[in-house]
Protein chains: 2
Amino acid sequence: MTRGRPPAHTREQVVDTAIRLADAEGLAAVTFRRVATEIGAGAMSLYTYVPDKDRLLDLMVDRVGGETAQIKITGDWRTDLMALAAAQRTLMLAHPWLPGALPNRRLTGRNMLGYLEQGLAALAPTGLDGPTKMELIALITGFVASYVTNELTAATPAAEQVALITDAVASGDFPHLAAALGSGAQGTETSFERIAGWIITGLVEQAIRPRPSDRSSS
Amino acid sequence: MTRGRPPAHTREQVVDTAIRLADAEGLAAVTFRRVATEIGAGAMSLYTYVPDKDRLLDLMVDRVGGETAQIKITGDWRTDLMALAAAQRTLMLAHPWLPGALPNRRLTGRNMLGYLEQGLAALAPTGLDGPTKMELIALITGFVASYVTNELTAATPAAEQVALITDAVASGDFPHLAAALGSGAQGTETSFERIAGWIITGLVEQAIRPRPSDRSSS
DNA sequence: ACTATTTTCAGTACAGCGTACGAGAAAGGG
DNA sequence: CCCTTTCTCGTACGCTGTACTGAAAATAGT
């Protein structure tokens with residue numbers, strides 16, 4: 001039954017417009033009025049397609065989640081997880097607002113579930129139990145998000161913080177910090193692959209290891 | 001020189017009030033008007049003590065950062081990093097808004113630098129270079145933040161997502177997800193210490209390992 | 001064909017936000 | 001005593017999300 005006035009737009013159109021806006025001008029540019037004028041509608045008309053702003057963000061996240069390249073599962077969890085992490089990073093670099101929009105967001109759609117599914121498939125050979133796999137996936141996703149955030153932010157050193165840090169170093173209260181800043185300027189050697197390799201290999205190997213009692217002092 | 005009308009309040013008072021508000025009612029309750037009435041001042045008076053809202057958040061973060069328990073450096077990096085992570089988690093559980101306020105925030109004060117300094121001190125025995133140490137600290141902090149966020153959110157399963165997930169599982173398109181959900185309900189076994197142990201041990205051991213060429217297929 | 005029903009459209013309006021501006025109040029220095 | 005300096009804070013502007021409301025546009029039933 002299709003009674004009533006037919007919709008002039010679609011939910012996909014609204015979400016796509018919001019994504020395009022966020023890509024071009026950042027999350028802050030995504031306002032109902034702005035999105036509405038962009039698709040040539042009244043601000044309030046959007047509520048026909050989207051229940052509220054928070055849900056719009058959910059939908060945006062799920063939609064771009066669908067753009068993630070489908071990785072092929074080789075059966076080697078290290079290779080597969082690296083591929084998945086790399087795909088995630090590519091996605092976040094294409095949509096810089098994504099890392100910032102991810103926290104506090106609920107699983108809204110099948111695309112996010114699809115991502116979860118891929119991660120679980122990659123982890124299948126490890127023989128870990130379900131909750132542990134979930135935890136590992138969340139951990140890896142969180143790492144990628146924070147890495148990309150740093151990656152996108154680090155370009156702006158901000159002058160003001162430089163003063164704070166040099167002052168702090170000069171005060172002598174932070175010897176290790178001074179040493180760390182002086183030590184290595186190895187530039188782009190801190191590549192994504194290097195660190196992602198650490199975290200993935202390290203994490204999964206630790207998780208697989210059958211608990212060698214507990215060697216901490218407690 | 002102390003000419004002019006003396007301030008009726010202090011920056012610390014403003015920041016403390018904002019923190020108290022955030023602790024009690026969440027970050028959203030922290031508005032200039034609200035903070036102002038709370039300390040018995042006009043909204044615009046706050047601008048005497050704080051340049052703008054973003055800086056107020058910076059100051060809040062740095063202030064609670066000062067509450068972090070000073071860990072004692074034993075010289076065993078695993079023990080020390082675990083203690084540091086645990087201290088961070090304690091802090092974030094005491095101030096649930098902190099994980100949400102952390103991203104996109106600049107290093108504002110000496111307390112944050114102090115935290116950095118502690119992490120570097122803990123990592124000193126590893127002999128890693130400065131940038132790598134920094135990276136590891138950021139990674140661990142990011143992990144703690146996302147873990148605590150999950151910890152605070154997971155209490156609310158939200159009914160709506162349950163429907164989405166059961167539908168998805170019923171559709172048969174997500175076999176691994178179905179299996180993972182069915183597998184283990186081991187409850188609180190996914191403790192912070194267990195996972196923090198993985199990430200710290202795994203990460204640092206990987207970082208220390210002198211690069212066994214590269215065993216991926218590429 | 002006309003009416004009733006249902007759905008979408010979008011203008012107006014409201015409370016709340018951060019904050020720019022500017023006039024008044026309160027202090028010390030000459 | 002006045003002048004300079006500093007802090008105080010009411011008013012106001014533009015912006016936000018969105019509740020409400022009535023008009024518009026389609027179909028379903030008679």
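Just so it is clear: chains get the letters A, B, ... in the order the sequence lines come, proteins before strands, and each one is counted from 1.
No hydrogens or angles were tested; on distance alone, a donor-acceptor pair under 3.5 Å links the side chain of R33(B) to the base of dG18(C).
Ion pairing of E12(B) with R63(B) is absent here, as no side-chain N (NZ or NE/NH1/NH2) approaches a carboxylate O to less than 4.0 Å.
The CZ atom of F32(A) sits 17 Å away from the C1' atom of dC17(C) (whole-angstrom rounding). Look at NE2 on H9(A): it is 10 Å from C1' on dC9(C), rounded to the nearest Å. For the pair M44(A) CE and dA19(D) C1', the interatomic distance rounds to 7 Å; values are reported in whole Å.
T48(A) comes within contact range of the sugar-phosphate backbone alone, with a heavy-atom separation under 4.0 Å but no base atom that close. Here G4(B) lies in heavy-atom contact (under 4.0 Å) with a base. Using a 4.0 Å heavy-atom criterion, one finds that A8(A) contacts the sugar-phosphate atoms exclusively. Residue contacts for A41(A): at a heavy-atom cut-off of 4.0 Å it reaches the sugar-phosphate backbone alone, with no base atom in range.
Candidate nucleotides dT18(D), dC9(C), dC17(C) were compared by shortest atom distance to the side chain of S45(A), and dC9(C) ranks first.
Comparing P6(B) and V30(B) along DNA chain C, the residue whose closest nucleotide (by nearest heavy atom) sits nearer the 5' end is V30(B).
Close placement of the Y147(A) and F192(A) rings is indicated, their centers lying within 6.0 Å of each other.
Rotation axes derived from the C1' atoms of the five outermost pairs at either end of the helix from dA1(C)-dT30(D) to dA23(C)-dT8(D) lie 10° apart, to the nearest 10°.
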Item to complete: Could you check D129(A) against T132(A) for side-chain hydrogen bond (donor to acceptor under 3.5 Å, both in side chains), going step by step and ending with a plain yes or no?
Response: CA-CA 6 Å; D129(A) 64 305; T132(A) 300; 2.6 Å; yes
